[in-house]
*Asks:* 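Here's a structure for you.
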Amino acid sequence: MEETERVIQALETIRCPAVCEEAELHGLIAEALSKAGLQARHEVTLAPRCRIDFMAGGVGVEVKKSRPARGALHRQLLRYAACPQVESLVVVAPRGVNLPRMAAGKRIYMVCLERLWGISLP
C-alpha cells in the first residue's frame with residue numbers, strides 16, 4: 001500500500017467530537033498516525049514562513065479546524081507543494097472544500113471529518 005493511502009486510512013479512523021479544539025484535533029491525528037505505524041513529525045518547517053501541521057514520510061498533512069476559504073487554502077497548498085520533501089498533500093477539515101486535484105504536480109487529497117461522524121457502537 002502506498003504511503004499516502006496509509007496516511008488517509010489512518011486519518012479516517014479519527015472520531016472527532018463536533019466541537020473540538022485545534023490542539024485536541026492535532027492530538028487525535030498524531031495518535032491515529034502512530035497507531036498506523038507511521039512516523040509523523042508535527043509542525044514541520046518546509047521553508048521560511050512555510051510550516052505544515054504534519055509530515056509522515058513524504059505526505060504533508062494540513063489541518064483546518066473550520067471550513068477553510070478555498071482560495072487561501074489553495075495558495076497555502078501551492079507553497080507546500082513547491083517544497084521538494086512534499087510528495088503529496090492531505091487536508092483534514094470538518095467540511096470538505098472543492099480543491100484542485102494537483103498543486104505543483106503533487107496530488108491533493110481531502111479528509112472530511114463530518115463524513116467520519118456517526119453512531120459509535122461498542
Side-chain angles (χ1 to χ4, degrees):
M1 180 184 316
E2 132 180 19
E3 188 174 43
T4 303
E5 290 174 10
R6 290 183 60 213
V7 168
I8 291 169
Q9 283 185 350
L11 295 172
E12 288 177 342
T13 67
I14 295 170
R15 297 300 180 262
C16 181
V19 178
C20 183
E21 296 297 322
E22 188 160 349
E24 181 182 3
L25 182 53
H26 279 236
L28 291 169
I29 289 169
E31 181 181 359
L33 294 172
S34 177
K35 281 183 179 179
L38 296 161
Q39 297 280 322
R41 296 177 293 141
H42 188 237
E43 300 290 342
V44 177
T45 300
L46 300 172
R49 296 178 313 209
C50 186
R51 185 179 68 208
I52 195 162
D53 293 318
F54 290 92
M55 283 297 296
V59 182
V61 178
E62 181 62 20
V63 182
K64 297 298 181 190
K65 185 180 176 306
S66 59
R67 187 176 192 164
R70 182 185 184 280
L73 178 57
H74 185 234
R75 288 187 297 277
Q76 184 179 21
L77 296 174
L78 282 170
R79 287 193 307 274
Y80 295 158
C83 299
Q85 62 269 48
V86 174
E87 297 169 11
S88 64
L89 292 160
V90 179
V91 178
V92 179
R95 301 180 80 197
V97 175
N98 186 16
L99 292 169
R101 293 179 186 218
M102 304 286 282
K106 298 175 184 174
R107 186 81 166 92
I108 299 173
Y109 301 86
M110 184 88 206
V111 173
C112 177
L113 295 173
E114 278 185 351
R115 291 186 189 147
L116 304 179
W117 295 337
I119 299 171
S120 177
L121 300 174

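Quick caveat: nothing in here was measured; it's all calculated off a predicted structure. What's counted below: heavy atoms across the whole structure, side chains too, no hydrogens, waters or symmetry copies.
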*Asks:* C50 and C83: which non-hydrogen atoms are nearest, and at how many Å?
*Replies:* SG-SG, 4.2 Å
*Asks:* So Q76 and L73, do their side chains get closer than 4.5 Å, heavy atoms only?
*Replies:* yes
*Asks:* Find out whether R107 and R101 are in side-chain contact, i.e. whether some heavy atom of one side chain is under 4.5 Å from a heavy atom of the other.
*Replies:* yes
*Asks:* What are the two closest heavy atoms between I108 and A103, and how far apart are they?
*Replies:* CD1-CB, 3.6 Å
*Asks:* Honestly curious: do Y80 and M110 fall in one hydrophobic cluster under the side-chain, below-4.5 Å linking rule?
*Replies:* yes
*Asks:* Just how far is it from atom CZ of R15 to atom CG of L28, taken to the nearest 0.5 Å?
*Replies:* 11.0 Å
*Asks:* Drop me the distance from F54's CZ to L11's CG, to the nearest 0.5 angstrom.
*Replies:* 9.0 Å
*Asks:* Considering all heavy atoms of both residues, which atom of A40 and which atom of L33 are nearest to each other, and what is their separation?
*Replies:* CB-CD1, 3.7 Å
*Asks:* Can you name the closest pair of heavy atoms from Q9 and T13 and give their distance?
*Replies:* O-CG2, 3.4 Å
*Asks:* More than 12 heavy atoms of other residues, nucleotides or ligands under 6.0 Å from CD of Q39: is that the case?
*Replies:* no
*Asks:* What is the distance from atom CD of E62 to atom CE of M55, rounded to the nearest 0.5 Å?
*Replies:* 11.5 Å
*Asks:* Can you tell me how far apart CG (L89) and CE (M102) are? Round to the nearest 0.5 Å.
*Replies:* 10.5 Å
*Asks:* Kindly work out whether a path of hydrophobic side-chain contacts (I/L/V/M/F/W/Y, heavy atoms less than 4.5 Å apart) joins Y109 to V92.
*Replies:* yes
*Asks:* Using every non-hydrogen atom in the two residues, find where V63 and E22 come nearest and quote the distance to one decimal.
*Replies:* O-OE2, 4.1 Å
*Asks:* Are L38 and I29 connected into the same hydrophobic cluster when the rule is that any two of I, L, V, M, F, W, Y join if their side-chain heavy atoms are below 4.5 Å apart?
*Replies:* yes
*Asks:* Are L113 and L25 close enough that some pair of their side-chain heavy atoms sits under 4.5 Å apart?
*Replies:* yes
*Asks:* Between H42 and H26, what is the ring plane arrangement, given parallel below 30°, perpendicular above 60°, and tilted in between?
*Replies:* perpendicular
*Asks:* Can you give me the closest heavy-atom contact between K64 and P94, atom names plus distance?
*Replies:* O-CD, 3.1 Å
*Asks:* State yes or no: do I14 and V61 share one hydrophobic cluster built from I, L, V, M, F, W and Y residues joined by side-chain heavy-atom distances below 4.5 Å, directly or via other members?
*Replies:* yes
*Asks:* Output all residues satisfying side-chain hydrogen bond (donor to acceptor under 3.5 Å, both in side chains) with R79, sequence neighbours left out; order by chain, then residue number.
*Replies:* none
